[in-house]
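Each chain gets a letter, A, B and so on, in the order the sequences are listed, and its residues count up from 1. The structure displayed is predicted, hence computed values, not measured ones.
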Amino acid sequence: MTDVRVRIAPSPTGQLHLGTARTALFNYLFARHNGGTFIFRLEDTDQARSTVAFEQDIIDELHWLGIKWDEGPVVGGEAERGTFGPYRQMQRLPRYREAADRLLAEDKAYQCYCTPEELETERKRQEAAHETPRYNGRCANLTAAQRAAFDAEGRKPVVRFRIPPDRTIVFDDLVRGRVEIDTSALGGDLVIMRSDETPLYHFTVAVDDAAMAITHVIRGEDHLSNTPKHILLFEALGSTIPQFGHLPLILNPDRTKMSKRKSQTAVADYRAQGFIPEAFVNYLALLGWSTGTEEEVLSLAELIERFDLSTVNKAGATFDRERLEWLNGQWIRRLAPDDLIDRLCPFLQTELDAGRIDWLPSDQELGALLPVVQERLPTLAAIGDLIGFLLVEDVAADPALIVPKRWDGATTAAALREARGTIARVGRVSWEADEIEPPLRRLVEDRGWKAGDLFMAIRVAVTGRTATPPLFDTMVALGYERTLARLDRAIETLEAQSAPSP
RNA sequence: GCCCCCAUCGUCUAGAGGCCUAGGACACGACCCUUUCAAGGUUGAGAUCAGGGGUUCGAAUCCCCUUGGGGGCACCA
């Protein structure tokens, strides 16, 4: 095989989309597995919808995913890499113009003066007549005089590429096998240059893939039907036709192509919600592909090692957030403590900014908590819920939650008072989980209580919630004074409530 | 409407003619562990392999048809 050259060519008309990320990943895995080159090209010819903010988002999120390109444009301080540049289509305009002129000169393309209104009218007529919408070829054979007349009218022509009327285009798709499409299904001659002289997608993609010596075009299945247009263009340009591989689409729960309308599609949103790139990449790789073994938790390096385009599935795959969360938990549990602390910090900051906590823990405090916290985090963003009660001045425990089912308010208050005494006797100096637990268990035994009842009452009194990390570790983290203070407050509340009204 | 692609548990998938009375994972149920919640372990339920025809000694696997789903048909990408 000649040196593999693949690319991801997003257009900055929106945030990095899940589907684009998956396509980027598969291209990247394919390139790395085969020792090839992975190219990043920005398709920014849709000036009306492209923005620098979107461009930055795409770059940031690709970086976040760990997908690094070998060749690519100047972006945010990074110099251009590669010798096939520029890698930004708006900087390649002269090349498209030159290619279009060549096709024009060879009569493989022609100038079309039909106005958008005329085309629209024709399209409507065809629809009404239940005909396949296609360009009718009205300008296909204009004489020089006719063209001059249109020019004199001030009409600005587009350039149309001649699609041969009755040819069958055949190609061997790397994931789908042999595909045949008749040129009559292509909608007639194809506009390749707008009247404002900017090029259109199908044209730029062929010109650039040829110029950048792309060997394998790996993209979403939504481009399958467009592939004959590209093949025809490669031929007309006298370029080598790359191999194609069309990936199955990622689907909404209703099995339509995943869209912003129906699903969360921005990679940035998943990042903000506390997914980590290890899990995200792992999940994306498993949408439409598997190793063929029962291995599922795989690092980027392992994915590269095992990736095989020929075993990619053909059918679309529904995005399943629950499975992503499970994988995220798997990967969070595998993180080294210091690493996890670093990743948690921004999420704690978010909690602080939102006013859900009153201060940030030190790295040391957070580190001490990690053993009981790490396996309880489905996402990094769950940290606030998990330990927030440690980072606020006070918690207001709901008396209804403090009182166990078997007890009433007065009993609970009395039990907590005894427990408070026992805990206080442990003392600040020997304030460790295994110093607190035994005396409390003895108390439970002496009084004939259920350990669960007392512990739950203490838990709610001290944290304000029923689901927390292990109780004794929690009290240690809270500290001696705050634990006692919260117990006192809960006891007061309960007593005030169960006292007979005056 | 026309063209193309696809079809195994709810979901992601294994399966390249006999290893399949279809395996794994997520989610779900039960149990174990256990101070709650998780995590972990065990286990259960869950797919007549869309339907129908072939081919074959034998089909989830090959062929055809039907049905269903998706995608594409722009001076968007």
Select base, sugar-phosphate, or nothing to describe what [X] touches, counting heavy atoms under 4.0 Å on all strands.
X        : value
A/Pro470 : base
A/Glu180 : sugar-phosphate
A/Arg465 : nothing
A/Pro10  : nothing
A/Thr13  : nothing
A/Ala467 : base

Between B/G53 and B/A27, how far apart are the C1' atoms? Round to whole Å, please.
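37 Å, rounded to whole Å.
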Could you measure between the two P atoms, the one in B/U11 and the one in B/C20, and give it in whole Å?
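These two P atoms come out 24 Å apart once rounded.
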Closest to the [X] side chain: [options]?
X        : options             : result
A/Arg333 : B/C37, B/G24, B/A39 : B/A39
A/Glu221 : B/A14, B/A7, B/C5   : B/C5
A/Arg323 : B/U36, B/C26, B/C73 : B/C26
A/Met456 : B/U36, B/A77, B/U13 : B/U36

Looking at B/C75, does its base get a donor-acceptor pair with the side chain of A/Ser195 below 3.5 Å?
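A donor-acceptor contact between them is present.
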Is there a donor on the side chain of A/Thr132 or the base of B/G1 sitting less than 3.5 Å from an acceptor on the other?
no
Please check if the side chain of A/Asn313 supplies one atom and the backbone of A/Ala315 the other of a donor-acceptor pair under 3.5 Å.
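No; zero donor-acceptor contacts below 3.5 Å.
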Hey, does the side chain of A/Asp173 reach the backbone of A/His246 with a donor-acceptor pair shorter than 3.5 angstrom?
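Yes, because the side chain of A/Asp173 sits within donor-acceptor range (under 3.5 Å) of the backbone of A/His246.
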Are A/His230 and A/Phe171 near enough that their ring centres are under 6.0 Å apart?
no
